[in-house]
Number of protein chains: 2
Amino acid sequence: MKSRPVAKPRRGERKSKRVTILDVAEDAEVSFAAVSKVLRNAYGVSDGLREKVNASIKKLGYTPNTAARGMRGRTFVLGTIFPDLRNPFFSDILAGIGAALERTPYQSFLGIEVHSTAPALIQSMIDMQMDGLIVVGSTEPESYLSKVGERIPMVTVGYHLPQITTFDSVNNNDAQSARLTVQHLAKQGYKKLVMLSLETTIGNVIEERERGFLSQAEELGLAGAKVVRAPQTLRDIQVAARRILDEDRPDAIFCWTDFVALEVISVAESLGRSVPEELAIVGHDNTMYCDFEQNSLTSIDQSGEQLGLQAARLLVERIEGRTEAQHLVSQPRLVARNSSAHRG
Amino acid sequence: MKSRPVAKPRRGERKSKRVTILDVAEDAEVSFAAVSKVLRNAYGVSDGLREKVNASIKKLGYTPNTAARGMRGRTFVLGTIFPDLRNPFFSDILAGIGAALERTPYQSFLGIEVHSTAPALIQSMIDMQMDGLIVVGSTEPESYLSKVGERIPMVTVGYHLPQITTFDSVNNNDAQSARLTVQHLAKQGYKKLVMLSLETTIGNVIEERERGFLSQAEELGLAGAKVVRAPQTLRDIQVAARRILDEDRPDAIFCWTDFVALEVISVAESLGRSVPEELAIVGHDNTMYCDFEQNSLTSIDQSGEQLGLQAARLLVERIEGRTEAQHLVSQPRLVARNSSAHRG
DNA sequence: CTGAAAGCGCTAACAA
DNA sequence: TTGTTAGCGCTTTCAG
């Protein structure tokens with residue numbers, strides 16, 4: 001016996017049927033094309049029609065099906081890619097992106113390179129027909145990013161390539177970050193400087209900081225300034241810190257990001273080295289943990305919020321038609337706290 | 001003069017034309033339906049055909065258009081919603097979700113309630129035709145979440161409603177978190193306990209912890225145990241901590257999450273109160289900052305990674321057909337460090 | 001100013 | 001086992 005021809009339940013059955021543009025058209029007693037025009041703010045719609053349609057939209061609680069939209073035009077969805085979530089600095093960037101998008105029709109979703117690679121995430125976002133991408137702290141080669149930029153509007157944060165034309169970028173002046181640090185430490189009377197840097201490179205951010213660190217130290221006549229690189233895991237940082245403290249015996253350490261600096265303080269403390277009397281520590285990003293009394297960490301503020309804001313602004317501009325590349329660089333500032341206070 | 005009929009450039013022009021299922025079919029010399037079947041692992045495809053198609057897919061670098069997929073069936077995209085990114089605990093949850101999804105065809109994107117409300121994010125995700133949602137630390141009412149659960153497969157983390165049938169949940173036993181804390185503090189010899197809790201409720205997580213705290217204190221005969229609530233901003237936490245320290249004068253404070261505990265340590269230190277001799281501090285979530293020597297914060301570990309892993313697993317099960325609700329509760333454990341060490 | 005009609009790339013029922 | 005076909009909900013010409 002054949003089953004009777006019922007409305008096929010399929011998988012999607014559980015979802016109560018969506019309100020579509022046709023339902024709105026019917027309710028408003030207009031053609032569905034008219035509804036589409038109102039939705040897109042297209043040219044040539046009378047006020048009366050617009051009002052009727054908007055009333056029906058509200059009444060029925062209609063929201064456009066983004067997937068369907070994506071098949072023809074824009075989705076008004078942007079993708080943002082972060083390397084991880086552990087660094088609280090990223091939440092500042094996100095706040096900036098949110099602020100920039102607040103009064104626009106755009107939404108942003110995040111992809112995190114935690115168990116996915118950046119290329120996989122980027123491909124997924126393209127497959128979802130997202131309108132543009134903000135790529136933060138990428139470690140991918142320039143050639144790859146350039147190709148992505150040809151396929152979809154893109155802005156990088158932390159990957160400064162002033163000559164590139166296929167995407168925009170927003171950056172902190174990372175060399176300047178290191179210069180400010182060295183100047184500050186020198187002024188406080190510290191003389192033997194080590195920079196605890198990152199093993200894997202992030203765009204050209206890390207190189208820039210190392211470059212600024214070494215050149216400024218040289219200019220100020222601080223002999224023996226040295227760069228040591230370590231991976232991002234706490235274990236490796238601990239080992240590196242211990243070795244620096246035992247072997248290089250600097251009186252100041254500049255760390256590429258705050259949590260590394262906090263770990264170095266931790267190691268120094270467990271080794272009985274007093275901060276800042278015997279050892280100054282400076283971090284980078286000025287995250288909320290710097291302010292705690294027990295850390296009181298001098299740090300470089302690169303205003304993640306501003307970076308995110310500008311990135312989102314540039315991206316929307318690109319999506320809406322700009323074709324010449326823009327590359328923004330913002331100036332960091334040093335926030336002095338106890339961890340680099342002494343040594344008059 | 002009319003413009004000549006060129007291939008219309010439109011907005012999407014910049015994007016080099018996508019490889020579609022038709023291109024693959026042509027290259028493999030089969031019908032495009034055959035390609036779709038291979039893609040979906042559908043029943044009734046010969047090995048020869050499958051191989052030919054897979055070769056063409058690889059050769060052409062084809063990836064399915066998720067938007068088009070979303071119009072008919074599944075997208076294999078999940079949405080995860082976090083209240084914010086500042087709490088490093090969330091990155092543990094994310095790691096768990098990533099681990100669970102690693103060997104599946106599913107991808108997860110994040111929405112953060114920073115400038116968007118949860119309902120707006122949820123609606124966007126539904127509009128993108130995502131297959132399911134993981135909602136973490138929501139403050140929305142049960143009635144609303146229940147309605148969402150009827151429309152789309154959903155799992156909540158941090159919203160334990162054992163009776164609800166429209167979605168699954170994964171939770172830490174939050175009452176037990178507080179009980180463990182009180183037991184530990186009592187054993188260490190601390191007697192006057194205050195819990196520094198959150199003003200706005202997160203699911204029922206906060207209530208549960210408060211309940212466990214008060215009942216366990218009573219059971220152990222610790223008179224005068226008290227709950228104080230404060231908003232999540234550093235400023236408010238500072239004010240509250242100062243007031244507690246000045247007025248309530250407890251010898252131990254249990255904080256609902258680690259960064260609050262760190263702020264309390266900071267305030268205590270600036271007030272000249274020594275931790276743990278005069279004052280014990282216990283946090284919650286056992287985030288990486290607890291381990292730093294300068295904090296050495298006793299904390300409750302609720303294994304965010306496990307919570308995320310289970311949530312993703314349940315969600316995939318639901319998407320693939322399970323209809324009876326599942327509600328998981330995991331047991332926390334206390335990690336003792338210096339901040340609650342003394343008071344023999 | 002409004003509506004009719006043609007697809008976008010895919011899934012899944014159905015026919016061969 | 002394979003191919004044909006009918007949409008999914010929307011944008012965007014193009015005619016009226």
Side-chain angles (χ1 to χ4, degrees), chain A residues 2-3 5-13 15 17-26 28-53 57 60 62-76 126-129 131, chain B residues 2-3 5-13 15 17-26 28-53 57 60 62-76 126-129 131:
Chain A
K2 281 172 67 180
S3 62
V6 197
K8 17 201 149 173
R10 312 214 183 160
R11 174 175 326 273
E13 169 204 32
K15 304 172 194 170
K17 206 177 302 309
R18 267 191 84 98
V19 176
T20 75
I21 206 172
L22 273 92
D23 301 315
V24 176
E26 190 182 354
E29 301 176 300
V30 298
S31 78
F32 78 88
V35 178
S36 172
K37 278 181 188 155
V38 171
L39 249 36
R40 291 173 288 127
N41 264 312
Y43 186 75
V45 190
S46 66
D47 285 357
L49 194 150
R50 182 188 316 283
E51 237 168 80
K52 265 199 302 187
V53 169
I57 287 177
L60 302 177
Y62 167 80
T63 57
N65 180 323
T66 310
R69 261 194 168 170
M71 296 203 64
R72 303 294 288 171
R74 289 199 256 173
T75 55
F76 296 98
I126 291 175
D127 291 341
M128 290 204 89
Q129 305 290 98
D131 290 342
Chain B
K2 279 172 71 179
S3 61
V6 197
K8 16 204 150 169
R10 312 209 184 161
R11 176 176 327 271
E13 169 202 32
K15 304 173 196 172
K17 206 177 305 304
R18 268 191 83 99
V19 177
T20 75
I21 206 172
L22 274 94
D23 300 316
V24 176
E26 190 181 356
E29 299 177 302
V30 297
S31 78
F32 81 91
V35 179
S36 172
K37 278 182 189 157
V38 172
L39 249 37
R40 289 174 287 128
N41 264 313
Y43 185 75
V45 191
S46 68
D47 286 355
L49 194 152
R50 184 190 313 284
E51 237 170 79
K52 265 197 305 186
V53 169
I57 286 177
L60 301 178
Y62 167 81
T63 56
N65 181 324
T66 309
R69 266 193 163 169
M71 295 203 63
R72 298 304 319 236
R74 291 200 255 171
T75 54
F76 295 97
I126 291 174
D127 292 342
M128 290 204 88
Q129 305 291 98
D131 290 342

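Atom set for the values below is all heavy atoms of this structure, side chains included, hydrogens, waters and symmetry mates excluded. In the text below, chain A, chain B and the rest are named by the order of the sequence lines, each starting its count at 1.
Atom CE of A:M71 and atom C1' of C:dC8 are 4 Å apart (whole Å). If you measure from atom CG of B:D47 to atom P of D:dT1, you get 9 Å, rounded to the nearest angstrom. In this structure, B:R74 places its CZ atom 8 Å from P of C:dA12, rounding to the nearest Å. In this structure, the CD1 atom of B:I21 is 19 Å from the P atom of D:dG7, given to the nearest Å. A:K37 has its NZ atom 12 Å from the P atom of D:dT11, to the nearest Å. Between B:L39 atom CG and D:dT2 atom P the separation is 16 Å, expressed in whole Å. In this structure, CG of A:N65 is placed 12 Å from P of D:dC8, rounded to the nearest angstrom. To the nearest angstrom, C1' of D:dG9 lies 14 Å from CD of A:Q129.
Between A:R69 and D:dT11 there is a side-chain polar atom (N or O) within less than 4.0 angstrom of OP1 or OP2. For the pair A:R40 and D:dT12, the criterion of a side-chain N or O lying under 4.0 Å from OP1 or OP2 is met.
As judged by a 4.0 angstrom heavy-atom cut-off over every strand, A:S36 is placed among the base-contacting residues. Using a 4.0 Å heavy-atom distance criterion, B:A34 is classed as a sugar-phosphate-only contact. Nucleic acid contact for B:S46: sugar-phosphate only, since backbone atoms but no base atoms lie under 4.0 Å from a heavy atom of the residue.
Smallest separation of non-hydrogen atoms from B:V30 and B:K52: CG1-NZ, 3.9 Å.
Taking 3.5 Å as the limit, the base of C:dG9 and the side chain of B:R18 contain no donor-acceptor pair of atoms between them.
Comparing atom distances between the A:S31 side chain and each of D:dT12, D:dT2, C:dA4 picks out C:dA4 as nearest.
A residue-by-residue look at B:A68 and A:L49 shows that A:L49 has its nearest nucleotide of DNA chain C further toward the 5' end. Along DNA chain D, the nucleotide nearest to B:F32 and the one nearest to A:G73 differ in position, and the one closer to the 5' end is contacted by B:F32.
Judged by distance alone, the side chain of B:T75 and the main-chain N or O of B:Q129 form a donor-acceptor pair under 3.5 Å.
To the nearest 0.5 Å, atom CG of residue A:D23 and atom CZ of residue A:R18 are 10.5 Å apart. Rounding to the nearest 0.5 Å gives a distance of 10.5 Å between CD of B:E51 and CG of B:L49.
For the pairing with A:I57, the side chain to side chain contact (heavy atoms under 4.5 Å, CB included) check across A:L39, A:T63, A:I21, A:V19 returns one residue only, A:L39.
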